[in-house]
Every structure is written in structure tokens, then in C-alpha cells.
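Everything on this sheet refers to the single structure shown next.
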Protein chains: 2
Amino acid sequence: MSAEPAAHRVIPGATVARLPVYLRALSALATAGTDTVSSEELAEAAGVRSAKLRKDLSYLGSYGVRGVGYDVARLRDEIEGELGLRHDFSLAIVGMGNLGHALAAYSGFATRGFAVRWLVDEAPDVVGTRIAGLTVIDFDGLARECNDSMIGVIATPPDAAQDVADRLVALGVRSILNFAPAVLSIPSGVEVRKVDLATELQILAFHQQHPRLDPKALDRDALDPKTDDLEEGAAP
Amino acid sequence: MSAEPAAHRVIPGATVARLPVYLRALSALATAGTDTVSSEELAEAAGVRSAKLRKDLSYLGSYGVRGVGYDVARLRDEIEGELGLRHDFSLAIVGMGNLGHALAAYSGFATRGFAVRWLVDEAPDVVGTRIAGLTVIDFDGLARECNDSMIGVIATPPDAAQDVADRLVALGVRSILNFAPAVLSIPSGVEVRKVDLATELQILAFHQQHPRLDPKALDRDALDPKTDDLEEGAAP
DNA sequence: AGGTGTGAAAAGATTCACAGCA
DNA sequence: TGCTGTGAATCTTTTCACACCT
């Protein structure tokens, strides 16, 4: 037996980082009216190998049926539950420069379950203005609104980032998405993810300068019609 | 011996992903007038452990001096060289919606060595308009300008992403930064990095729901970056 | 002393390959 | 028959610990 619904299972970080991708693929399948999917098909849609997909899903429990595949709606719901998407999160974007502005308006940001609710800036001439339908507040204003489902988004210049992080932590924020190219010092118990555009570009630059002398790219087409392999995995 | 300047050394993907962070820390130190730094100090500034830093740097060669540390300017230059930042790259941002607009104007994007040079969109009412000092062009326009140092940035809605990727590849682009929440099918030889905001938020949501029963959280506060993640590291 | 460079051990992630169930 | 779930093998990344150099 192994089909335990809830468990003290420890899900590897690399797996967690892929769950959102699986979730997206499953939502697309559900929308398309598909109700059962094999690991092979889902893996293809998610850009991973089927063995990896099955291993990942096995950490959640046994939600597949041998000889058949996975129930799309069921699996989607399980992953949503695992990711904690059953309740909504509110985003507080700090720093209303170009990037903060864009994030406030960026619809891709308002994925199901995440809504931009507060825009924060300390500049007196910015506080009180309206951006994307919200009024910009300062940290005092944010303190009054703070609750458990708040996620902080740092979109300030790098030199202000640590200070902003400290303030967010002081408000009780436990999840931070950091767009500022700065290393943050954060107490344990608070999770930070960083999105760093310059870093991504530099990694691309590296690979462009050191073309991967594709290890075994020749035999690929012999085995498999599709020669596309792309990225991979992650990070804890 | 081991102080070979250039080598056929294979640098692990995880290491490559950290070089930009070291580079930033070194630039800051150089600006501050520091000319020598120990692995301990640099690691602290970069948010990693010193052993990891030393191991990473050892893949580049022996640029440190025992009992002393690393020469800041020298190490910075070596990393720049390794990352291929000796020559400049030009960015072509495709998709002039909210996000594309913001990226065009985002100064953090114009890190040394990377300049936004082309803005691309296919909508007739957008082509020809000026954004952030550049005139928006279409793919035909881009085809005329294409060169070897071009990096494509996809900032379109997800359903257009694959088509845009195909066109970029057809133009000879070998590096793509993808902001669209879609899995791209790409021929080998082309490198794709993805930046996916919804995924990052969902990973944060997961950790908020499953608080890491801090294994040994007593020690130090800062560090323990992951990311990559987005993940992710190198490639199959 | 003081701090780098690196083998070797440990931890983590991916892939293989197949038993076992529908 | 067909496809999941998973132990075992493999590969990658991190951490340890210390020889070695200045």
C-alpha cells in the first residue's frame, strides 16, 4: 500500500519546483476536455521525461491507475492542494519604479490564487497616486493591512532591497519574491525566491560562448523523432 | 600545478548559475576600493558557503593566493571572460504588452554588456510606435538586423510563445529568455532560460504551507539560496 | 598563521528497468 | 496488454577536512 492521501512525505525541492509546470499542463488538458492522461503524454506537455514525472508524482501519493494513466481533474486538484492553492494569496509589491509599475499591471502575475492587493512606496510624491486601479500606500499603511496570506514582492533598486526585506519580515511576511539584484539576509522561517534578469542573461551568454558540444546528440534522432531537449531542474 | 589560464575544463551548470552572483559581489567590492578578498568574505557577500565558493572558483583555475585570498579585480575579470561578457549582447524583446513594455524601460535589464536594441511586435497598430526610445518593428524588420550577438526575449502571451520561438530560431538566434508561461520545443543548440512568475509564487505558496521544520536552523540566519530554479540548472 | 585548492564522503536528483496491478 | 510505482544504479552537487603554499 502506498495510496495514502496525506502523509509526512518529504517532497524534494526539485520536485516542488516542477509541480507548477505539471499543474499548468493539467489545467490545459482539463480545458481541452481530456480527462485521462498517461505519464508519457503529461511529461511531453511539461517538457520532462516520463520517469521523472512518475517519480515526482509518487511523492504526492498514488494517484494514477496502472494500465490507464492519471485522472486529469483529480491530479490537478491534488497538486493544487499540495501547493497550498486552496486559499488565495495577496501580493504586496514594494517599489513603484518601472518594474513595480509593470508587475502591478502584468496580468500574468494575477494567476489564479494570487492577486496584487497592495502597492507600496516610500516616496511622498508616489504615495497616494493610483496605479493599475490601486492606491499606492507606504509601509505604515501596509502594516495596518498585513495578514497571513501576504506575499511580499521586492521591486526596488538593489540598495533598498535589504531594508525593504527587513521591514516586510518585521510585518510578519513569510514569503518574499525578490526582483532586486541583491543578496538578502533573511531569518530562517522566511522563504525568499529571487528573479534576477541580469543573472539569466549572463547564464545565456556563458552557454553561447561555450556551445555544448552536444554529448550524444547524434543518436537522438535514431531513437526518437523529437530531438528537442531543453532545460531542466532546479535548486534547493 | 593547476593554475592554467584557459582550459577545456567543464564547468558544472550549478556553478555557472552562481558566477553572475560572484561577479556582482566582486564589482561591489571593487567599487568600494577593496582589492583583496577571502573566500569567507566573498561567500558571505554572495550568500553561499565558503567551501562551495572555493570549489566553484577552482573550476575556473587557481586565481587565489594561499594565506591571502583573491585579487578582486583579477577575479572579476576572469569571471567576466568566462561568462563571455567581453563583448556586448543585443536584446530583442518580442511582445509589447505590459511586460514587454516594462522590460524595454527597465534599467536593471540594461546591465553592462546587455542592451535592449530591438522591440518586436506583429500587431500593425503597435509596429512603428516608439517605446523607451526605440521604434517597434515586426519580424521582417528584425530579420534584417539579426546578428550573432542577438538574444531573444519572449514577452508574449503563452499561446504565441512557441511561434515566436520558432521564428527566432529561424533567424539564427541561439539564446532565448522566455517570460511566457509555456513549455517551448526548441532544437538542441539553442539555449532557453525561463523566468516564470506564477511558478515562483506557487513555490512560495508551497513552502508557506509546509513550513520547513528547520532541520538545523539555529546556526546562521542568512543564506541558502535555491533557484535556480526556477529553476533550474544546466541541461541534459 | 592564515587561507586556498581539492580529494573523498555525503546528500540530492535523475534515469533505468521491471515487478505488479488494472 | 499497458502503464504506474519504485528499488537500485548513476550522475550531479554540496559538504567536509586537510595537505599545501605564502
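In what follows, chains carry the letters A, B, and so on, assigned in the order in which the sequence lines appear, proteins first and then strands, with residues in each chain numbered from 1.
In this structure, OH of B:Y63 is placed 11 Å from P of C:dG5, rounded to the nearest angstrom. Taking atom NZ of residue B:K52 and atom P of nucleotide D:dA17, one finds them 17 Å apart after rounding to whole Å. Rounded to whole Å, atom C1' of C:dT15 lies 13 Å from atom CD of A:E40. Rounded to an integer number of Å, the gap from OH of B:Y59 to C1' of C:dG7 is 11 Å. Rounded to an integer number of Å, the gap from CG of A:D56 to P of D:dT4 is 14 Å. Rounded to whole angstrom, the span from the CG atom of A:L60 across to the P atom of D:dG5 amounts to 10 Å.
Among pairs with a residue in residues 12-23 of chain B, those fulfilling side-chain hydrogen bond (donor to acceptor under 3.5 Å, both in side chains) read B:T15-B:D56, B:R18-B:Y22, B:R18-B:D56, B:Y22-B:D56, at least two apart in sequence or across chains. Identified under the side-chain hydrogen bond (donor to acceptor under 3.5 Å, both in side chains) test for residues 168-184 of chain A, with sequence neighbours left out: A:S175-B:Q208. Within the structure, salt bridge (charged side-chain N to carboxylate O under 4.0 Å, His left out) pairs that include any residue of residues 20-36 of chain B comprise A:D196-B:R24 (at least two apart or interchain).
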Q. What string of B, S and - do you get for nucleotides 16-22 of chain C 5' to 3' if you count protein non-hydrogen atoms under 4.0 Å?
A. -B-BBBS
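Judged as a side-chain contact (heavy atoms from CB on, under 4.5 Å), and not counting sequence neighbours, B:Q209 has no contacts. Partners of B:A170 under the side-chain contact (heavy atoms from CB on, under 4.5 Å) rule, at least two apart in sequence or in another chain, do not exist in this structure.
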Q.
Let's go through B:L201 and A:L91 carefully: what are the C-alpha distance in whole Å and the side-chain angles of both, what is the deciding distance for side-chain contact (heavy atoms from CB on, under 4.5 Å) to 0.1 Å, and is it a yes or a no?
A. CA-CA 10 Å; B:L201 291 175; A:L91 307 182; 3.9 Å; yes
